[in-house]
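Basis for what follows: all heavy atoms, side chains included, without hydrogens, waters or symmetry-related copies. In the text below, chain A, chain B and the rest are named by the order of the sequence lines, each starting its count at 1. None of the values given here were measured: they were computed from a predicted structure.
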Protein chains: 2
Amino acid sequence: MLKVTLKKIAATLGVSTATVSKALKDYPDISEKTKKKVKSLAASLNYKPNSFAQSLRNQESKIIGLIIPTIVHHFFSNIIYGVIDSASEHGYLVITLQSNESYEDEKNKINLLIEKNVDGILLSLSDKTVNYKHINRLIDDGVPVVLYDKISRSVNCSKVIINDFAAAFNATQYLIDTGCKKIAHIRGPLKPQTTIDRFMGYKKALEVNNILFDDSLVYVSDSLSFENGYNIAPKIINDHTDVDAIFSFTDLVATGVLIRFKELGILVPEQISIIGFSNWFLSKITSPTLSTVDQPGYEMGRKAFTLLYNELNQIRNGEPIKHEIVEIATKVIPRNSTKPI
Amino acid sequence: MLKVTLKKIAATLGVSTATVSKALKDYPDISEKTKKKVKSLAASLNYKPNSFAQSLRNQESKIIGLIIPTIVHHFFSNIIYGVIDSASEHGYLVITLQSNESYEDEKNKINLLIEKNVDGILLSLSDKTVNYKHINRLIDDGVPVVLYDKISRSVNCSKVIINDFAAAFNATQYLIDTGCKKIAHIRGPLKPQTTIDRFMGYKKALEVNNILFDDSLVYVSDSLSFENGYNIAPKIINDHTDVDAIFSFTDLVATGVLIRFKELGILVPEQISIIGFSNWFLSKITSPTLSTVDQPGYEMGRKAFTLLYNELNQIRNGEPIKHEIVEIATKVIPRNSTKPI
DNA sequence: ATAATTTCCGAAATCGTTTTCGGTTGTCTT
DNA sequence: AAGACAACCGAAAACGATTTCGGAAATTAT
């Protein structure tokens, strides 16, 4: 396959490359007649502009970078899907990279993307990221960055989040509405804002309902795994014989608890109610099915790209860059691991 | 952020850009002294070569394309993970696109990748693809293509597959070994080679064990969904009161059957055994847990990239291109939806 | 018929890197 | 001291597309 270039078209038509380029882009200073000629030849030769040359010239790649903490994960899969979908619709492609919840990886992967001259980056902070210099440097360098899901208040950029506080509040309130009074919380890793907010929402719901907050009812799951729930479950019932509900920061851990309870002969929700978080696919097929909070990954992915796209356009038009912070709505999904209201 | 270019380094050092370029790449015709100078300045200025210029000059992007039928899918998530992991290790980045199991989308997405001048493409055929001209054209044009998972015999390129036939044979044989005699099969969409092979493996196992093949025991699930299994389950027991096992082409559908059976009061595995396919995460947490066949997506992803990488190197070195077909091993994972052996 | 506009096209610079092919120095032989 | 040979470096031509600026031709106005 010999490449079709502007030069070749120009040569066979006896005009200059400038004319060909302008004809294809409908410049007003090219006659209709030549435009017709050029366009038809280009079409029949199946001319495709060389993207490297275009990028070099226009200083944009039409590629964005997406950094995901963990790819194999239902919620994040949906994020990827949403981002790619929305990006395609606007003529952008997406390079995906995984940070493995590691600060070092996060930095390295950002560098890889920058070296490839991506036009912008979509980023969810790793659990271990507590220092935001690498991101602020990016932004100072003029690279548009949009944070999604796991964000930090100390980075000044556009963000897409769910209102974790409100979502956790609602989940806890729901448990209370079904008659639960002694509610344990399995919280996630300490650093991410999401798990902090979920914890605070839980606490607030107790407060509003005049239930005394008891620190010993809060269990920390340092990572997101089935096994963690499986192992924490017996601790909870050993520590507190009268617990009647558990709010877990994520479905996967809640599922671990569910399975362990089943093995231990504890009835859910009769003895203990369980509510998870994220509405993973698996929550629909556990037995009993798992009540949870819907966390719409696809929507978040789409919105994250949209915000980035807006900034890209602002930059192109020389407008001032407006950062936006968007909250995606969540809702409690009652299933069978909680009592009817 | 003003860009650091070769020209700028050259200017401040009073040498030519050629010298700078060669110094950074350790050309032998540059003195150690200048190399030191150049390298240290480049480092302190944090020089990053412009990838567009490099690509334009070297005719390679160091980016590959990955087309996935469905991103939100446990198996394919693992594929993505494996590809990205392996690619990063070799200095390649990955643009991921989704074909939505649509032939048109598949063609369009391939075009997008080609327009971005990716160095190669990893592709799993959509269920609806029955015409391979678009892929053969690619290959004829010199774009390295590696097919993974859903492949076609009529495309001449490297491929990574699991031995679906053997895997299905083993799964069926396993059911027989546990004493099952009347085994239904839920097969997938008719076109993909994978589901054909699984069907054939099932059939062969019956034959080898002198069990008469009964066409009415084969049910077609036109798509991969929980609901399909949920709906097919009652049909099976209505059509055949004496069925004692089901081999489903995928875990998700098997799970649908499982849940429906539970609702219908049919005991698994006492009355009917079920074995799925793919070892989705969810198969570990159904109740009973689902016996299945492990289908290592991560390994496949890695291998697929490796094959592409090999071809890329062959091209670069002007060697003849050797296509390779790799089969990834699978194994039956016995859990509690089948009887002990 | 001459002047004033349009209309249309092309030369050339640019984006940043790579690499060939010479050309300068300086060193080493005799 | 002249020639031979290394050792170093740079000019310049790619890679393709874009866009400014100016110039020639064709049209209109006077």
Side-chain angles (χ1 to χ4, degrees), chain A residues 1-39 41-42 45-63 91 114-119 142 316 318, chain B residues 1-39 41-42 45-63 91 114-119 142 316 318:
Chain A
M1 56 143 186
L2 47 174
K3 298 245 161 74
V4 186
T5 67
L6 286 188
K7 204 188 292 185
K8 227 160 269 174
I9 296 181
T12 69
L13 246 40
V15 297
S16 74
T17 63
T19 303
V20 177
S21 174
K22 286 193 282 193
L24 290 174
K25 299 180 107 72
D26 270 327
Y27 271 56
D29 64 343
I30 300 293
S31 71
E32 281 307 320
K33 206 194 299 175
T34 24
K35 279 185 191 172
K36 283 259 156 43
K37 274 199 315 186
V38 170
K39 283 181 181 172
L41 182 61
L45 258 49
N46 193 26
Y47 167 75
K48 299 268 164 64
N50 181 306
S51 69
F52 302 144
Q54 283 184 317
S55 294
L56 180 59
R57 174 69 218 221
N58 303 334
Q59 313 279 23
E60 63 170 7
S61 59
K62 292 279 183 182
I63 296 179
I114 292 303
E115 284 170 20
K116 269 281 174 296
N117 293 283
V118 296
D119 292 340
R316 186 170 347 192
Chain B
M1 55 142 187
L2 45 172
K3 299 245 162 71
V4 186
T5 67
L6 287 187
K7 204 188 292 184
K8 225 160 270 173
I9 296 181
T12 68
L13 247 38
V15 295
S16 74
T17 63
T19 303
V20 176
S21 175
K22 286 193 282 192
L24 290 174
K25 298 180 109 69
D26 271 328
Y27 270 54
D29 65 341
I30 301 292
S31 71
E32 280 307 320
K33 206 193 298 175
T34 23
K35 280 185 190 172
K36 284 258 155 47
K37 273 199 318 188
V38 170
K39 284 181 181 173
L41 182 60
L45 257 49
N46 193 26
Y47 166 75
K48 298 268 163 64
N50 181 307
S51 69
F52 303 144
Q54 284 183 316
S55 293
L56 179 58
R57 173 70 216 217
N58 303 334
Q59 311 280 23
E60 63 169 9
S61 58
K62 292 278 181 182
I63 295 179
I114 293 304
E115 283 169 21
K116 269 282 176 296
N117 291 285
V118 296
D119 292 338
R316 187 173 345 199

To the nearest Å, give me how far apart CG (B:D29) and P (C:dT18) are.
14 Å
Where is the tightest heavy-atom contact between B:K62 and B:R316, given as atom of each residue plus distance?
NZ-NH1, 3.9 Å
Touch check for A:S55, heavy atoms < 4.0 angstrom, all strands: base, sugar-phosphate only, or nothing?
nothing
Who are the side-chain contact (heavy atoms from CB on, under 4.5 Å) partners of B:V118, not counting sequence neighbours?
B:I63, B:L113, B:I121
So, do A:E32 and A:K35 sit near enough that their side-chain heavy atoms are less than 4.5 Å apart?
yes
Give, ordered by number, those residues of residues 19-27 of chain A having at least one heavy-atom distance below 4.0 Å to an atom of DNA chain C; if nothing qualifies, reply none.
A:T19, A:K22
Please report the interatomic distance CG(B:L45) to NZ(B:K3), rounded to the nearest 0.5 Å.
14.5 Å
Protein-nucleotide distance (B:K62, atom NZ; C:dT17, atom P), rounded to Å
17 Å
Close side-chain approach of B:L6 to B:Y47, heavy-atom, < 4.5 Å:
yes
Could you go through nucleotides 12-16 of chain C and list every protein N or O atom that sits under 3.5 Å from one of its N or O atoms, giving the distance for each pair?
unit_1, atom_1, unit_2, atom_2, d
C:dT14, O2, A:R57, NH1, 2.9

To the nearest 10°, let me know how far the axis at one end of the helix from C:dA1-D:dT30 to C:dT30-D:dA1 is tilted from the axis at the other, five pairs an end.
60°
Is any side-chain heavy atom of A:K39 less than 4.5 Å from a side-chain heavy atom of A:D26?
yes
I need the B:T12 OG1 to B:L41 CG distance, nearest 0.5 Å.
4.5 Å
Taken to the nearest 0.5 Å, the spacing of B:K22 NZ from B:T34 OG1 works out to 10.5 Å
How would you give the extent of chain B contacts on DNA chain D, as first and last nucleotide 5' to 3' within a 4.0 Å heavy-atom cut-off?
D:dC8 to D:dG16
Distance-only criterion, 3.5 Å: show the donor-acceptor pairs between side-chain atoms of residues 48-55 of chain B and protein atoms not counting sequence neighbours.
unit_1, atom_1, unit_2, atom_2, d
B:N50, OD1, B:F52, N, 2.7
B:N50, OD1, B:A53, N, 3.0
B:S51, OG, A:N117, ND2, 2.8
B:S55, OG, B:S51, O, 2.9
B:S55, OG, B:E60, O, 3.0

